[in-house]
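Worksheet: the structure to be examined is printed underneath.
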Amino acid sequence: MSCHILAGIDFSAPSPQVARRLIGVTLLVNGVGGRIVEVEAYDREDPASHSFSGQTARNFAMFGPPGHAYVYLSHGIHWCLNLVCREEGHGAGVLIRALEPLAGLEQMAARRGLAEARLLCSGPGRLGQALGVTRELNAMALDAAPFELLPRKGRVQVAVGPRIGISKAVEVPWRFGLAGSPYLSRPFR
DNA sequence: CCAACGATGGGCT
DNA sequence: GCCCATCGTTGGA
């Protein structure tokens with residue numbers, strides 16, 4: 001059986017499909033985390049994707065096997081977490097943009113320097129800081145410590161829209177979110 | 001070698 | 001809404 005299946009999701013599928021199915025899934029790093037409420041898909045033939053220009057020293061994890069992490073530093077400050085999908089060598093992933101904090105609230109608050117739940121994980125950089133994401137997690141498998149992915153229970157209503165903070169392919173509707181969640185980095189139109 | 005540029009967030013106007 | 005910290009990566013000279 002394929003180790004590409006995690007939390008009931010086939011990570012060898014196209015990134016928009018994986019992204020949509022990740023809404024409602026619980027993500028933990030060393031027991032700290034919560035329910036995924038916002039993600040964005042990126043793919044190889046996608047000008048906004050880090051993988052667009054081919055494999056480099058930074059993005060090699062994106063070309064590795066699905067079901068692994070791709071971590072990068074944004075603006076020299078923020079560590080951001082992606083989950084790799086498609087087949088090995090393809091170069092696709094899903095950026096985790098926001099969580100509803102559920103586990104390890106105290107540790108998140110300490111790392112973030114504030115306690116307001118709404119501000120702990122509402123954005124890729126905030127989430128990275130709250131969960132203690134760093135370069136060390138790059139290329140690590142998601143089916144083993146420190147990661148945990150727990151299937152969602154029940155149904156969710158998924159909102160769709162264009163991705164945030166990019167300058168190319170700005171109209172591609174590959175941002176997905178839990179409709180109406182107060183933990184989104186920004187509301188959907 | 002080196003300049004330009006971020007898949008951002010926080011603070012201030 | 002605007003500004004900018006901060007630094008690794010990239011791509012062109």
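Within every chain, numbering begins at 1; the chains are lettered A, B, ... in the order of the sequence lines, protein sequences first and strands thereafter. Since this is a predicted model, take the numbers as computed values, not measurements.
By the criterion of a centre-to-centre distance under 5.5 Å and near-parallel planes under 30°, the ring of A/Y72 forms no stack with the base of B/dA7.
The separation between A/E38 atom CD and B/dG9 atom C1' is 14 Å, rounded to whole Å. Protein atom CZ of A/R163 is 14 Å distant from nucleotide atom P of B/dG6, rounded to whole Å. The CD1-C1' distance, from A/I96 to B/dT8, rounds to 16 Å in whole Å. Rounded to an integer number of Å, the gap from A/R118 CZ to B/dG9 P is 11 Å.
Side-chain contact between A/Y70 and A/N59 is present, with heavy atoms from C-beta onward closer than 4.5 Å. Contact of the A/L83 side chain with the A/V39 side chain is not registered, since no non-hydrogen atoms from C-beta on lie closer than 4.5 Å. A/L137 is listed as a side-chain neighbour of A/V29, based on a closest heavy-atom distance under 4.5 Å. A 4.5 Å side-chain heavy-atom check between A/S185 and A/L127 finds every atom pair outside the cut-off.
Taking 4.0 angstrom as the limit, A/R97 places a side-chain polar atom (N or O) nearer than this to OP1 or OP2 of B/dT8.
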Practice task
Carefully, step by step, assess A/R112 and A/Q129 under the rule side-chain hydrogen bond (donor to acceptor under 3.5 Å, both in side chains).
Solution key: CA-CA 6 Å; A/R112 295 272 301 120; A/Q129 185 179 35; 2.6 Å; yes

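A distance of 10.0 Å separates CG of A/D143 from CZ of A/F11, quoted to the nearest 0.5 Å.
Across all strands shown, A/I166 has heavy atoms under 4.0 Å from sugar-phosphate atoms exclusively, and none from any base.
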Practice task
If a protein heavy atom is under 4.0 Å from the base, mark B; if only from the sugar-phosphate, S; if neither, -; do that for nucleotides 3-13 of chain C going 5' to 3'.
Solution key: --BBBSSSS--

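Nearest heavy atom pair, residue A/G24 against residue A/R152, reads O-CB, 3.1 Å.
Heavy-atom distances to DNA chain B give each of A/S167 and A/G125 a nearest nucleotide, and the one nearer the 5′ end belongs to A/S167.
A cation-pi arrangement is not found for A/R35 relative to A/Y183, the charged atom failing to lie both closer than 6.0 Å to the ring centre and inside a 45° cone about the ring normal.
Helical stems of DNA chain C (runs of at least 3 Watson-Crick or G-U pairs, donor-acceptor distances under 3.5 Å) are listed by first residue: B:1-6 with C:7-12, B:8-12 with C:1-5.
None of A/S51, A/S15, A/P14, A/P66 except one satisfies the side-chain contact (heavy atoms from CB on, under 4.5 Å) rule with A/R86; the exception is A/P14.
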Could I get a table of every N or O pair under 3.5 Å where one atom is in the protein and the other is in nucleotides 10-13 of chain B?
{"unit_1": "B/dG10", "atom_1": "OP1", "unit_2": "A/R112", "atom_2": "NH1", "d": "3.0"}
{"unit_1": "B/dG10", "atom_1": "OP1", "unit_2": "A/R112", "atom_2": "NH2", "d": "3.0"}
{"unit_1": "B/dG10", "atom_1": "OP2", "unit_2": "A/R126", "atom_2": "NE", "d": "2.6"}
{"unit_1": "B/dG10", "atom_1": "OP2", "unit_2": "A/R126", "atom_2": "NH2", "d": "2.4"}

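Around CD of A/Q55, the count of heavy atoms belonging to other residues, nucleotides or ligands within 6.0 Å exceeds 12. A 6.0 Å sphere centred on CZ of A/R163 holds more than 12 heavy atoms belonging to other residues, nucleotides or ligands.
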